[in-house]
Engineer: 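Take a look at this one; I'll ask things after.
Worth knowing before you read on, the calculation uses all heavy atoms, side chains too, and leaves out hydrogens, waters and symmetry mates. Residue numbering restarts at 1 for every chain, and letters A, B, ... go by the order of the sequence lines.
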Amino acid sequence: MDWDEGPEVGGESGPYFQMERLSIYKEWAERLISQKKAYRCYCTKEVLDQQRQALKAKDPKANFRYPRTCRDRTDQPDAPYVVRFATPTEGSVTYVDKVFGEVTTPNHAQQDFVLIRSDGVPLYNFGAVVDDASMGITLVARGRDHMVNTPPQIMLYEALGSKLPEFAHLPMMLAPSGEKLGKRHGTVSVTEYRDQGYSPAGVLNYLVRFGWSHGDQEVFSIPQLIEAFNWEACGKGDGKFDSKKFLAIQHEHLKSQALTADKEYGERVTTFLGARGLHTLSKSDVQNAIFTVRERSRTFVEAADGLDFYFRDPPTMDASAQSKFLTSANASNLRSLAATLEPVSTWTEQELDSRVHAWLAERQLQIKDIAQPARVALTGRTASPGLFQVMFVLGKARSLERLAHGASLGESALHAMPHKG
RNA sequence: GGCCCCAUCGUCUAGCGGUUAGGACACUGGCCUCUCACGUCGGUAACAUGGGUUCAAGUCCCAUUGGGGUCACCA
């Protein structure tokens, strides 16, 4: 999110920190008191808590409300006090939510809520309204859990004589189980997803598309999101988080150059390559390898894993892959393949493809016969991008070197393997 | 419990009186294929229930049920 103004970027509506605005809240509250729209309450928290508990003891389902003890008192004892709002007992508040439409709440559901604590710090509803009113906020968009705060806040705007902002409440994202999403349901903060290699635009895409729709379109760039978003197409029902779909959206973003340009892809994946101990990589080397992992990586962490063998010499060798494919039987083919590629001067995918196929035809072999052994020699793994892509990215020298090394591992396996048959 | 809000495939959703109820993820069958993927063709799968209104209801109204939010000198 980009801020128009605020503590980090400055602006005209400061100060922005609540503790620096205390005098403002006090001033606005005093105005309300002088207009009899608010009053000083000297009831202590302890007394109120007692009353609350006493009522609960008598009737567990009862609803405790501040009994308005101090509402009409005229004296001003020398004692700590809170400022309470004199809530109307009759009538109701109606507002038009940009998502939910008209919402009406009866005033008898409210109580004389506290505006300012005895230590001078405002409570949320009052602080938010004073801040928004004094800073010229025109739209309040927040989660549905704030919907109950809206009527009291509207009362405050009106009591303060301030212009009402628009309100938009959004449905909530629940855990897959249907309960409120929380820490115990795994990752819930966007910064943690960044650390797990998720694309920021992909995260935004999933989040915005959750509870909002634009026809059948599922994948959006950030500019497209800004262009297409509208309150009318927001749903009203709560939803459940789906990590699989989230990952699928990530995949779409990492696959597409339009959504994640090579430059960004390279920068992000480089930090995860660094986390794997692969430092001092050349930017262009990383850039040149990206195209081979794009469609196989859903996150930058997966991409870093897929890119690892390009930058590690020798590549980490998977033990079972080695014993299965780098055998004495395959060693001679690997040697022969390396020898065939030795004279190749134009080291391109296309050239490698035709050279290898010519060699296969000559030796009456299928690509299947050599693919896995060569793959393991080249990458240390049984799953990788296409062979010719891998060799192209690796370059001639390192490709031949790895092929030869794979062959010698196979030859030495001759001595280690006899009892295995 | 009071007040408020919500309800279409397992999940995210399209639908705004007449649809074979569409798409995506997931699951699944085939094709493609040097592995893993990608891609591609197909399949399973939903209108919570009951009343109305109407020639006609997933779409409008009411009730029920179910789910969620919130009830502080927290935010």
Side-chain angles (χ1 to χ4, degrees), chain A residues 18 41 43-46 48-49 52 59-66 80-84 92-93 97 99-101 103-111 113-125 127-128 142-151 169 171-174 176 178-180 206 209-219 232-233 235-249 251-252 255 292-298 302 306 321 325 353 356-357 360 366-376 379 381-390:
Chain A
Q18 188 175 64
C41 167
C43 302
T44 64
K45 190 173 192 318
E46 290 68 35
L48 259 22
D49 282 345
R52 204 187 320 265
D59 179 4
K61 290 174 180 172
N63 213 4
F64 178 78
R65 286 219 189 71
Y66 174 66
Y81 63 87
V82 300
V83 180
R84 284 183 186 273
S92 61
V93 171
D97 190 284
V99 173
F100 287 94
V103 179
T104 300
T105 307
N107 289 342
H108 64 75
Q110 313 294 348
Q111 60 175 331
F113 53 93
V114 173
L115 265 24
I116 295 190
R117 301 198 309 209
S118 50
D119 63 0
V121 176
L123 246 42
Y124 171 72
N125 274 338
R142 64 230 309 197
R144 189 172 64 74
D145 48 340
H146 277 285
M147 207 147 33
V148 290
N149 287 324
T150 308
H169 290 94
M172 308 213 303
M173 179 186 287
L174 308 171
E179 43 188 352
K180 198 170 180 177
Y206 177 74
R209 183 59 182 63
F210 188 100
W212 169 80
S213 61
H214 188 63
D216 285 339
Q217 191 173 350
E218 300 278 350
V219 181
E232 297 71 40
K236 300 176 185 174
D238 293 338
K240 296 172 185 170
F241 174 66
D242 182 347
S243 61
K244 288 247 185 71
K245 179 139 193 176
F246 192 14
L247 223 32
I249 294 294
H251 196 184
E252 293 300 326
K255 272 192 297 191
T292 69
V293 295
R294 275 200 110 106
E295 60 196 22
R296 321 166 199 263
S297 308
R298 297 177 299 182
E302 289 183 358
F325 292 106
D353 190 310
V356 169
H357 277 92
L360 288 170
Q366 302 290 313
I367 183 94
K368 283 178 188 296
D369 299 324
I370 190 67
Q372 285 305 76
R375 186 185 317 284
V376 174
T379 71
R381 312 169 174 196
T382 53
S384 82
L387 271 188
F388 307 120
Q389 286 190 352
V390 168

Engineer: With sequence neighbours left out, what residues match D238(A) under salt bridge (Lys or Arg N to Asp or Glu O under 4.0 Å)?
Structural biologist: R144(A)

Engineer: RNA chain B: I367(A) or R65(A), which has the more 5' nearest nucleotide?
Structural biologist: R65(A)

Engineer: Quick check: does any side chain N or O of Y206(A) sit under 3.5 Å from a backbone N or O of D242(A), one acting as donor and the other as acceptor?
Structural biologist: yes

Engineer: Got a list of protein N/O to nucleotides 22-24 of chain B N/O distances below 3.5 Å?
Structural biologist:
unit_1, atom_1, unit_2, atom_2, d
G22(B), N2, D216(A), OD1, 3.3
G23(B), N2, E218(A), OE2, 2.7
A24(B), O4', E218(A), OE2, 3.3
A24(B), O2', K245(A), NZ, 3.4
A24(B), N3, K245(A), NZ, 2.9

Engineer: Let's test your reading of the model: under 3.5 Å, does the base of C73(B) pair with the side chain of S118(A) as donor and acceptor?
Structural biologist: yes

Engineer: Between H251(A) and E295(A), is there a donor-acceptor pair closer than 3.5 Å when you use the side chain of the first and the backbone of the second?
Structural biologist: yes

Engineer: Looking at P385(A), is its backbone amide N or carbonyl O close enough to the side chain of R375(A) to form a donor-acceptor pair, meaning the two atoms are under 3.5 Å apart?
Structural biologist: yes

Engineer: For atom P, what is the distance between A45(B) and U11(B), given to the nearest Å?
Structural biologist: 16 Å

Engineer: Answer yes or no: side-chain N or O of R296(A) and base N or O of C36(B) forming a donor-acceptor pair under 3.5 Å.
Structural biologist: yes

Engineer: Need the pair for A45(B). Rule: Watson-Crick or G-U wobble, both distances under 3.5 Å, any strand; none if unpaired.
Structural biologist: none

Engineer: Which sits closer to the 5' end of RNA chain B, L174(A) or K61(A), going by the nucleotide each is nearest to?
Structural biologist: K61(A)

Engineer: Is a side-chain donor or acceptor of E218(A) paired with a backbone partner of I249(A) at a separation under 3.5 angstrom?
Structural biologist: no

Engineer: Quick check on U70(B): is either OP1 or OP2 less than 4.0 Å from any side-chain nitrogen or oxygen of R144(A)?
Structural biologist: no

Engineer: Are R294(A) and A37(B) close enough that a side-chain N or O sits under 4.0 Å from OP1 or OP2?
Structural biologist: no

Engineer: Kindly write out the residues that satisfy side-chain hydrogen bond (donor to acceptor under 3.5 Å, both in side chains) with R65(A), not counting sequence neighbours, or none if the list is empty.
Structural biologist: none

